[in-house]
Number of protein chains: 2
Amino acid sequence: GRALGELGGSTQGAQRLLAYSDALLSIIATVMILPVAHTKIHPDQELNESVQQLLATKIAVYLMTFLIVTVAWAAHVRLFQVIELIDDVLALLNLACMMLITFLPYTFSLMASFPDVPFGIFMFSSCAVIIGFVQAVIVMYGFQHPYLLNHQIQVSENQAFYKYHILKIIVRGPTLSFVAAIFSFFFIPMSYVFLGLIIFFPHIRHLTKWFTSKTTGREEELPLESFTFYLNEPLSKERVEAFTDGVYAIVATLLILDICEDNVPDAKVVREKYHGHLISALGEYGPNFLAYFGSFVTVGLLWFVHHSLFLHVTKTTQLMGLLNNLSLAFIGGLPLAYQLTSKFAKKSHNEIEAIQVSCVTIFFGSIFQFGIWTAALFYERETLHPYARYGGKEHAFMFAKLALYPCVSLLAFFLTCVLSELSATIFHLMQIIIPFAFLVLRILVRVALVTIKHIMSLSRPREDVLEEEEACLSPPETLS
Amino acid sequence: GRALGELGGSTQGAQRLLAYSDALLSIIATVMILPVAHTKIHPDQELNESVQQLLATKIAVYLMTFLIVTVAWAAHVRLFQVIELIDDVLALLNLACMMLITFLPYTFSLMASFPDVPFGIFMFSSCAVIIGFVQAVIVMYGFQHPYLLNHQIQVSENQAFYKYHILKIIVRGPTLSFVAAIFSFFFIPMSYVFLGLIIFFPHIRHLTKWFTSKTTGREEELPLESFTFYLNEPLSKERVEAFTDGVYAIVATLLILDICEDNVPDAKVVREKYHGHLISALGEYGPNFLAYFGSFVTVGLLWFVHHSLFLHVTKTTQLMGLLNNLSLAFIGGLPLAYQLTSKFAKKSHNEIEAIQVSCVTIFFGSIFQFGIWTAALFYERETLHPYARYGGKEHAFMFAKLALYPCVSLLAFFLTCVLSELSATIFHLMQIIIPFAFLVLRILVRVALVTIKHIMSLSRPREDVLEEEEACLSPPETLS
């Protein structure tokens, strides 16, 4: 798109800045699972109360970080829907903003370790207020240099309206956190309510709006020009994809980091215990490698399902965004599930529990993906490609793809309840076998299609079919 | 581009698959700095021989991983320059390939811990051979379904030539590592030579070709059709950017992870030592926060410089790719530099050494960026936007931007030699001040330009200038 120009060539397309911001935000959201996953638990130790409490605290930090970062990300998406070009000043301001956002996890760690000291919340809210201030400066700067703005806003006569609308969205979070900080000095539980409100306020507001419009039958008044980002308040599809890719990539990579840190045997141990036989020393770690490959396959395929789904999504509504973020929060928990199953791989009281944690994580990760699809079908004319809608030729296959993981994880969960000897090994082997299920699904659909085609056009020459295929390859411009 | 179509809608644009692969590869390359950075060193301990050896081993693993992953990444770029569309089978094969690549760091850890056991190299080469096999299957599959191929190859009569050419590129690495595995049973040093060859072979080959063509004045014969990816063998600019963004993002994020793990005080310590005053307990960590912000600013600005540079790059040659990878390898070392400076923040024998390590890391990271620019200027007609070429209006400013970090880090290094009391605190404050240097540079250039404009066109009305600015905003289609 628009890339260079202006005095000194400082005006630029924002694409790469946004890609970098998405990568940063998705990694910062997900990487906080590491302190949870690395909580020291002895294999023989029961998951007793103190360990559970420690884990619960760390999981709370992870979840708060993840959800707050998604809120910051959503605000960032909104901001750069309005400002479409950047210059050096905006790039530097955006980096300052990113620096403050990456500092947020630390404030959560403080909150979790010192739940009855207001300082953690105070620090969080200071960061939030500064972030809000920097973003407000970005907006003001953008409206002072109108050539940086979205074209529709640039030509609009209501520029002031857009300016205050976007400022309102950006200042919302900081204001709520400021109130939370004030409450933290009197009554801390109230300030946690406000922190929760930061995360769910946009969705609650959206829900109440939807309900009032359904019950009173009256749509809220919009400004004269219908600017696209009001319509169901859609997120930018590209940025949802970029954020999602970042999360999946870091989750897949954290797994090997654990393998490299934990499963390289000590040279001395190998010499003394295994008489220098490295391979037999590594044999000990067999279950860990299996757990690694099983987890990687699961992460990879869940990404694959997401990829297939978003191939047919043409627009992302706010509800789809929320479901996607919830799905990602669970996917981000997979390194913890990996740690548990690989740590308790030997028969122990905790092995079944570890498998159950994995199943629950995978189930919720995938059922929320299914939820995205359901939410998309609700407004299918706006959100889905015709192929994926009811009656489209990809509809059934899409359904099968999305239903596979919820079904399999439920099945595995019930097996752990019924069979007392289901081991982690069998569980990981199941994980590794699943891609073949995808290929079998594909082949079954193919065979069915070919059979139908064969029956319907026995006399048609082959070349026509090829031509038709090629014609299908050209993009459906009206939709993508 | 081309997104949906064919029987069952399985053919897809490869864009998102590539973005995900880039994210995975960049993170896996960089994340291996974590075991290095987390090597336990006591603050009072001299950096003695055993610690230095341990660090050296881990750094070797990091560097080998980084460079091998960049080779795998380059092969992957080549592969998907030939295959431009994917279907579900290719997506799954690619994920299998990624799984094997993310396993490579573990084989390096084994090699580094057991340098005289051939098993590590054997495992590495097995992985490499399987990766090569999977990629070869991808190529065969692509040429069996020609509608997936690059259009130029699709219409070419020399398809078989392209097929064998790309197969040759892909099989090169695995073959070399297979030879290395065989040598590991007889004479291990030789197999390390072959491992090094995997990394540098393409560049050595390129260099010798360049020399022979310069000395004999004869270009190597190319096939009749001049397919673009032969011309200086350029990498895909988008993928270089995506890989780079991934590395910078993970480096910036690893910093806060350290802060969260190391700098949350223990509740008991706060109660007993600081009488419950959290703020005074955190005061202890002041230097760490300063180190964090200093390091983040450095990473952010080095990204900013890279972003500014690539805004003016129109094509990436292989040499530029090599220099970029070398720069990234040093940038990836920044978390280690951060750990050292924050650990030795109190006056100790090692403080100056830690600052020097940081300076050296930053210097090499930025001087290789400068190298990219120099290499680009060498073929400026093909590789640079006119604004950035010699005499272009951005040339001087670009030079200043790229020269800033090498100069500042050199200056800081010399200061550590001259002044004995240069503390880490001053060093980090220097890091934080630098963005203002960028703004000052920008303002100086602005003032100079405005002054010149003012002198040259005193009588010209203001509106014309605005119009000209707007005209500059439209993209120079011929170049971008």
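Labels below follow one simple rule: chain letters A, B, ... track the order of the sequence lines, proteins then strands, and each chain is numbered from 1. The model shown is predicted, which means the values in this text are computed figures rather than measured ones. Atoms considered below: every heavy atom in the structure, side chains included; atoms not considered: hydrogens, waters and symmetry mates.
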Checklist entry - Based on non-hydrogen pairs under 4.5 Å, which of B:Leu301, B:Leu282, B:Leu255 is most in contact with chain A? => result B:Leu282
Checklist entry - Quick one: what part of A:His306 sits under 4.5 Å from any heavy atom of chain B, side chain, backbone, both or neither? => result both
Item to check | Contacting region of A:Ile27 [heavy-atom separation from chain B under 4.5 Å] | outcome: both
Item to check | Non-hydrogen side-chain atoms of B:Arg16 and A:Thr244 separated by less than 4.5 Å | outcome: yes
Checklist outcome for this item: Rounding to 0.5 Å, atoms OG1 (B:Thr253) and CG (A:Leu24) come to a distance of 5.0 Å
Item to check | Non-hydrogen atoms of A:Phe114 and B:Pro265 that approach each other most closely | outcome: CZ-O, 3.4 Å
Item to check | Considering all heavy atoms, the nearest A:Val69-A:Ala29 contact | outcome: CG1-CB, 3.9 Å
Item to check | Engaged part of B:Val117 at the chain A interface, taking heavy atoms whose separation is under 4.5 Å | outcome: side chain
Checklist outcome for this item: Ranking A:Leu25, A:Asp245, A:Leu34, A:Leu95 by heavy-atom pairs under 4.5 Å to chain B gives rank one to A:Asp245
Checklist entry - Minimum heavy-atom separation for B:Tyr106 to A:Asn263, with atom names? => result OH-O, 2.6 Å
Checklist outcome for this item: Separation between CD (B:Gln15) and CD (B:Glu84), nearest 0.5 Å, reads 11.5 Å
Checklist entry - Side chain, backbone, both or neither: which part of B:Lys58 has a non-hydrogen atom closer than 4.5 Å to chain A? => result neither
Checklist entry - What is the minimum heavy-atom distance between A:Tyr20 and B:Ala252, and which atoms define it? => result OH-CB, 4.5 Å
Next on the checklist: Taking every non-hydrogen pair under 4.5 Å, which of A:Phe304, A:Trp303, A:Phe310 racks up the most with chain B?
Outcome noted: A:Trp303
Next on the checklist: Using heavy-atom distances under 4.5 Å, tell me whether B:Tyr248 contacts chain A through its side chain, its backbone, both, or neither.
Outcome noted: both
Checklist outcome for this item: Of B:Leu278, B:Val297, B:Val31, B:Ile250, the largest count of non-hydrogen pairs under 4.5 angstrom with chain A goes to B:Leu278
Checklist outcome for this item: Most heavy-atom pairs under 4.5 Å with chain A, out of B:Val89, B:Ile256, B:Val299, belong to B:Ile256
Checklist entry - When the ring planes of B:Phe293 and A:Phe103 are compared, do they come out parallel, tilted or perpendicular, using 30° and 60° as the limits? => result tilted
Checklist entry - By a 4.5 Å heavy-atom criterion (distance strictly below it), what part of B:Ile28 contacts chain A: side chain, backbone, both, or neither? => result both
Next on the checklist: Using heavy-atom distances under 4.5 Å, tell me whether B:Leu17 contacts chain A through its side chain, its backbone, both, or neither.
Outcome noted: both
